[in-house]
Protein chains: 2
Amino acid sequence: MKRIADSTVRRLSIYLRFLEDFEKRGIATISSDELAARGGTTSAQVRKDLSFFGSFGKRGLGYSVAELSARLRQILGLEREWQVVIIGAGKIGAALAQYHGFAQRGFRIVAVYDSDPAKVGRSVDGLVIRSLDSLPEEAKRHPPDIAVLAVPATAAQEVADMVVKSGIRAILNFAPQQLQVPETVAVKAVNMAMELEGLSFALTNG
Amino acid sequence: MKRIADSTVRRLSIYLRFLEDFEKRGIATISSDELAARGGTTSAQVRKDLSFFGSFGKRGLGYSVAELSARLRQILGLEREWQVVIIGAGKIGAALAQYHGFAQRGFRIVAVYDSDPAKVGRSVDGLVIRSLDSLPEEAKRHPPDIAVLAVPATAAQEVADMVVKSGIRAILNFAPQQLQVPETVAVKAVNMAMELEGLSFALTNG
DNA sequence: ACATGTGAACTGCTTCACAGCG
DNA sequence: CGCTGTGAAGCAGTTCACATGT
């Protein structure tokens with residue numbers, strides 16, 4: 001398959017969210033124009049994005065909401081459940097562990113790790129915090145799919161190395177730190193500081 | 001000034017973080033090559049990014065760490081303090097209010113709002129949670145610069161409209177919902193669900 | 001000699017515009 | 001006729017390569 005742009009995948013997520021909304025409201029059909037208006041893009045963009053994966057629409061009519069959302073879930077890999085571990089049980093990590101929005105979309109939090117012995121053994125939202133040292137061994141028995149890094153920036157690279165060595169192939173990084181990983185490992189970063197600085201720039205040079 | 005690409009601004013943030021690191025370690029000079037290696041980009045990219053704002057380097061030598069970081073702080077608008085309000089005192093909002101990493105970079109959280117009467121009056125990290133209804137009026141007296149939206153997706157657009165009407169010109173949106181705002185308002189989104197779906201896609205089609 | 005700064009070439013995403021089909 | 005699907009055109013961001021300055 002031709003390589004798909006990041007921006008395209010992000011938009012597919014957005015489309016899917018709208019489609020699920022429409023599905024709930026019992027709307028059967030939607031046009032690329034309607035999808036575009038809600039997603040802040042253009043109808044041509046919507047059609048182009050979808051065209052990478054096939055032709056799902058009916059000319060003169062639009063897309064079947066049920067069919068298109070099913071195809072998008074399939075494309076995005078949301079038909080299966082993903083095993084997620086959270087690393088770092090501080091403020092952010094704990095908030096994430098308690099955020100049930102993940103589970104709704106098939107991202108199941110199966111464990112929380114921390115390197116602080118004072119935290120190990122406590123519970124967050126029904127999950128006992130485990131020692132980070134035990135990750136490699138436990139990952140061998142029950143390989144997680146995704147590691148969420150909610151650790152201080154100074155520890156992030158070291159933890160990432162450990163995660164990679166444990167065989168985990170996807171990382172969602174909340175630490176304000178650029179990670180170096182093999183290119184077989186997928187990394188997405190959520191960097192609040194960077195976004196705030198983007199706003200600061202916009203306000204300053206707007 | 002020529003319009004600056006989002007990607008450029010994001011990289012400036014990254015460079016600044018490294019420069020501050022180098023500053024602490026007492027390193028006086030740095031080349032575009034070193035900056036690039038750490039930031040996962042190329043030296044040409046670094047030089048191009050900086051060239052939009054001037055010529056800060058010395059040929060044959062590199063950049064003065066102190067000088068360049070000062071210029072970047074200036075460019076990014078980090079020389080002043082920004083007044084931030086958090087809207088939504090749920091799990092995410094509370095975690096953000098307690099996250100002191102913001103303050104370090106000049107983003108001062110001045111208020112937390114929630115529409116739930118059961119939460120209003122309680123405290124998060126020393127800040128009393130206020131009624132969302134009081135935002136427009138309070139914003140008139142002490143205009144905040146940035147609103148952080150940590151509300152459910154269903155409420156996000158409505159809250160965004162209120163924020164815009166209150167005169168706030170920058171929004172950091174944590175709700176998994178595309179916001180429609182006037183183009184005079186800057187919006188950055190932090191969408192964990194979307195990032196996870198990006199990882200799901202990468203794992204599925206990798 | 002070395003590293004910057006930058007026009008030019010390139011790559012790839014977005015937009016256009018229209019043929020194709022229901 | 002209306003809306004999709006898609007080559008072609010346009011545009012923006014990245015990379016190249018070298019002249020320039022120290």
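Proteins come first, then strands; the chains are lettered A, B, ... in the order of their sequence lines, and each starts at number 1. All figures in this text were calculated on a predicted structure; none of them were measured in a lab.
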Would you indicate, yes or no, if [N] has its OP1 or OP2 atom less than 4.0 angstrom from a side-chain nitrogen or oxygen of [X]?
X       : N      : result
B:Arg47 : C:dT4  : yes
A:Thr41 : C:dT14 : no
B:Ser55 : C:dT4  : no
B:Ser7  : D:dG13 : no
B:Thr42 : D:dT15 : yes
B:Gln45 : D:dT15 : yes
B:Arg11 : D:dT14 : yes
A:Tyr63 : D:dG2  : no

Heavy-atom nearest nucleotide on DNA chain D for B:Asp6 versus A:Phe56: which residue maps closer to 5'?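 Final value for this comparison: A:Phe56.
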
Check the distance between [N]'s [atom2] and [X]'s [atom1] and give it to me in whole angstrom.
X       : N     : atom1 : atom2 : answer
A:Arg71 : D:dT4 : CZ    : P     : 17 Å
B:Leu50 : C:dG5 : CG    : P     : 7 Å
B:Phe52 : C:dT6 : CZ    : P     : 11 Å

NZ/NE/NH1/NH2 to OD/OE distance under 4.0 Å, A:Arg10 and A:Asp49: no

Toward the 5' end of DNA chain C, which comes first, A:Gly60 or A:Lys48, by nearest nucleotide?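 Residue closer to the 5' terminus by nearest nucleotide: A:Lys48.
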
Go through the N and O atoms of the side chain of B:Arg59 and the base of C:dT4, and report whether any donor-acceptor pair is under 3.5 Å.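 When only heavy-atom distances are counted, B:Arg59 does reach the base of C:dT4 through a donor-acceptor pair under 3.5 Å.
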
Keeping A:Ser43 on the side-chain end and A:Ser32 on the backbone end, is there a donor-acceptor pair under 3.5 Å? no

Side-chain donor-acceptor pair under 3.5 Å between A:Asp161 and A:Gln157, yes or no? yes

Closest contact, heavy atoms only, B:Val151 versus B:Ala175: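 Closest approach of B:Val151 to B:Ala175: O-CB, 3.4 Å.
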
Is the charged tip of A:Arg38 near the ring of A:Phe18: under 6.0 Å from the six-membered ring centre and within 45° of its axis?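 Ring-cation test returns yes.
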
